[in-house]
Amino acid sequence: MQGTIDGFSYGLVTPVAAFLMAWLGAALGLRCTVRSLRARSSWKPGGLALGAASIGSGIWTMHFIAMTGFSIAEAPIGYDALTTFASLAVGIVMVGIGIFIVGYRGSTRMALVTGGIITGLAVATMHYLGMAGIRVNGRVDYDIATVALSVLIAVGAATAGLWIVVSRRGFLAGLTASLAMGVAPTGLHYTGMAAVHVHLADVNSAPGGEPAADLLIPMLIGPAVFLLLAGVAVLFDPFMVAGRDRAQERSREEEPAAPGVPGPCGQTGVPAQRTRARAPHRESADRAAARSTRPRSGSQDLHDW
């Protein structure tokens with residue numbers, strides 16, 4: 001029997017909430033990535049790892065928020081806990097590979113293409129591995145052409161997001177890049193769900209696994225709290241938001257202002273005055289020499305010594 005699939009059981013609530021979580025994770029992850037590109041090498045691995053964890057957590061949270069709105073009218077749905085956790089770990093690791101390539105290879109075309117492809121494939125792997133964790137009394141099939149389209153959407157959006165944030169600067173560029181990275185998992189998810197066909201076998205028996213309310217909702221708390229804490233850290237760190245290194249900014253403020261160039265508080269530097277010893281006037285030198293050679297008269301006293 002063909003199952004009746006509904007991906008919008010709660011209307012637009014789940015798509016909007018899912019996209020916002022993907023966008024938040026992408027915004028935090030890309031900020032960390034940009035700062036790592038401009039920071040010292042000692043900070044770079046930690047910054048890139050934090051960026052990968054933020055993007056991966058946002059992708060995973062987006063997927064399972066959207067899955068709370070997925071239902072089959074004729075049968076209940078369960079989820080395998082191990083496969084669900086594995087999709088989170090695999091997603092973060094694969095996103096980390098793509099982010100580290102861009103972080104250490106810079107904004108070269110090959111690095112951006114390679115990093116974008118791996119990041120897009122990370123989104124696809126996380127999604128379809130999570131879908132493999134679905135337990136239903138029947139068989140889940142996919143339309144191959146629609147699946148391929150979903151993967152292309154993820155790869156294209158991820159590559160565009162990385163290219164924008166690395167090659168452009170400013171708030172608008174960061175916003176556009178994070179929106180593109182948010183479109184990658186959201187577009188893949190709903191395009192991929194359009195490819196799903198469920199053939200039910202026995203609608204009366206339990207499907208196995210954990211119900212969505214018992215597994216997904218508690219599991220979403222952890223990544224959501226992580227994203228909120230990371231967001232607070234970025235919000236109260238102006239150097240991370242601006243993509244600048246704190247040590248470089250401090251050393252720049254300590255440098256004296258150049259002549260005619262406004263300093264950190266708006267003052268204009270004053271050119272240093274050049275001083276040099278003046279040569280004695282020729283007349284004064286000749287007069288002193290003549291005085292020293294003229295014979296002295298009178299008694300000598302202590303001043304003459």
Side-chain angles (χ1 to χ4, degrees), residues 5-30 51-73 76-92 94-95 119-120 122-136 140 142 147 150-151 153-154 157-158 161 178-196 198 207 209-232:
I5 297 174
D6 185 7
F8 302 92
S9 299
Y10 300 101
L12 293 178
V13 174
T14 48
V16 172
F19 175 78
L20 288 177
M21 293 306 296
W23 171 77
L24 175 61
L28 298 177
L30 292 177
S54 299
I55 295 174
S57 297
I59 294 170
W60 189 87
T61 306
M62 172 268 144
H63 172 75
F64 284 103
I65 287 178
M67 288 303 294
T68 58
F70 175 75
S71 64
I72 301 174
I77 301 174
Y79 292 88
D80 180 69
L82 182 60
T83 308
T84 304
F85 276 115
S87 66
L88 172 62
V90 171
I92 291 178
M94 290 189 66
V95 169
T119 304
V123 177
T125 303
M126 185 279 308
H127 172 82
Y128 289 107
L129 184 59
M131 290 296 295
I134 289 180
R135 297 294 178 261
V136 63
V140 179
Y142 296 91
V147 170
S150 69
V151 175
I153 291 174
S178 59
L179 288 175
M181 290 291 286
V183 168
T186 310
L188 178 139
H189 176 86
Y190 285 102
T191 304
M193 294 307 292
V196 174
V198 177
E210 299 290 336
D214 296 342
L215 179 66
L216 296 186
I217 294 178
M219 286 179 63
L220 290 173
I221 295 176
V225 170
F226 168 77
L227 290 176
L228 291 177
L229 292 178
V232 170

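Computed over heavy atoms, backbone and side chain alike; hydrogens, waters and symmetry mates excluded. Residue indices begin at 1 and follow the sequence shown. Please read all numbers here as calculations on a predicted model, not as lab measurements.
Annotation: the span from Ile59 atom CD1 to Ser87 atom OG amounts to 11.0 Å, rounded to 0.5 Å. Within the model, atoms NE2 of His189 and CZ of Phe64 stand 9.5 Å from one another, a figure rounded to the nearest 0.5 Å. In this structure, the separation between CE on Met131 and NE2 on His63 is 6.5 Å, given to the nearest 0.5 Å. To the nearest 0.5 Å, the span separating OG1 on Thr83 from CZ on Arg135 amounts to 5.5 Å. Here the NE2 atom belonging to His127 is positioned 7.5 Å from the CE atom belonging to Met67, to the nearest 0.5 angstrom. For the atom pair Phe19 CZ and Leu24 CG, the distance stands at 11.0 Å (nearest 0.5 Å).
Closest approach of Val196 to Ile5, counting heavy atoms only: O-CD1, 3.6 Å. Ala26 approaches Ser178 most closely through the heavy-atom pair CB-O, 3.8 Å. Shown here for Ala195 and Val147, the closest heavy-atom pair between the two residues is CB-CG2, 4.0 Å. Pairing each heavy atom of Ala122 with each of Gly91, the nearest pair is CB-O, 4.1 Å. Scanning both residues, Ala154 and Leu188, for their nearest heavy atoms gives CB-CD1, 3.4 Å.
Under the ring pair (Phe, Tyr, Trp, His ring centres under 6.0 Å) criterion, Tyr190 pairs with Phe8, not counting sequence neighbours. Listed by chain and residue number, Trp60, Ile92 satisfy the side-chain contact (heavy atoms from CB on, under 4.5 Å) test with Leu88 (two or more places apart in sequence, or in another chain). In terms of the ring pair (Phe, Tyr, Trp, His ring centres under 6.0 Å) criterion, Phe85 has no residue partners (sequence neighbours excluded). For the side-chain contact (heavy atoms from CB on, under 4.5 Å) test, residues two or more places apart in sequence or in another chain that qualify with Ile153 are Leu149, Thr191. Under the side-chain contact (heavy atoms from CB on, under 4.5 Å) criterion, Ile77 pairs with Phe70, Ile72, Tyr79, Ile134, not counting sequence neighbours.
A 4.5 Å side-chain heavy-atom check between Ser150 and Tyr128 finds at least one atom pair inside the cut-off. Using a 4.5 Å cut-off on side-chain heavy atoms (C-beta onward), Met181 and Thr119 make contact.
Sorted by first then second residue, the side chain to side chain donor-acceptor pair (under 3.5 Å) pairs that include residues 5-20, not counting sequence neighbours, are Ser9-Ser71.
With Thr186 contributing its side chain and Val183 its backbone, the two residues share no donor-acceptor pair below 3.5 Å.
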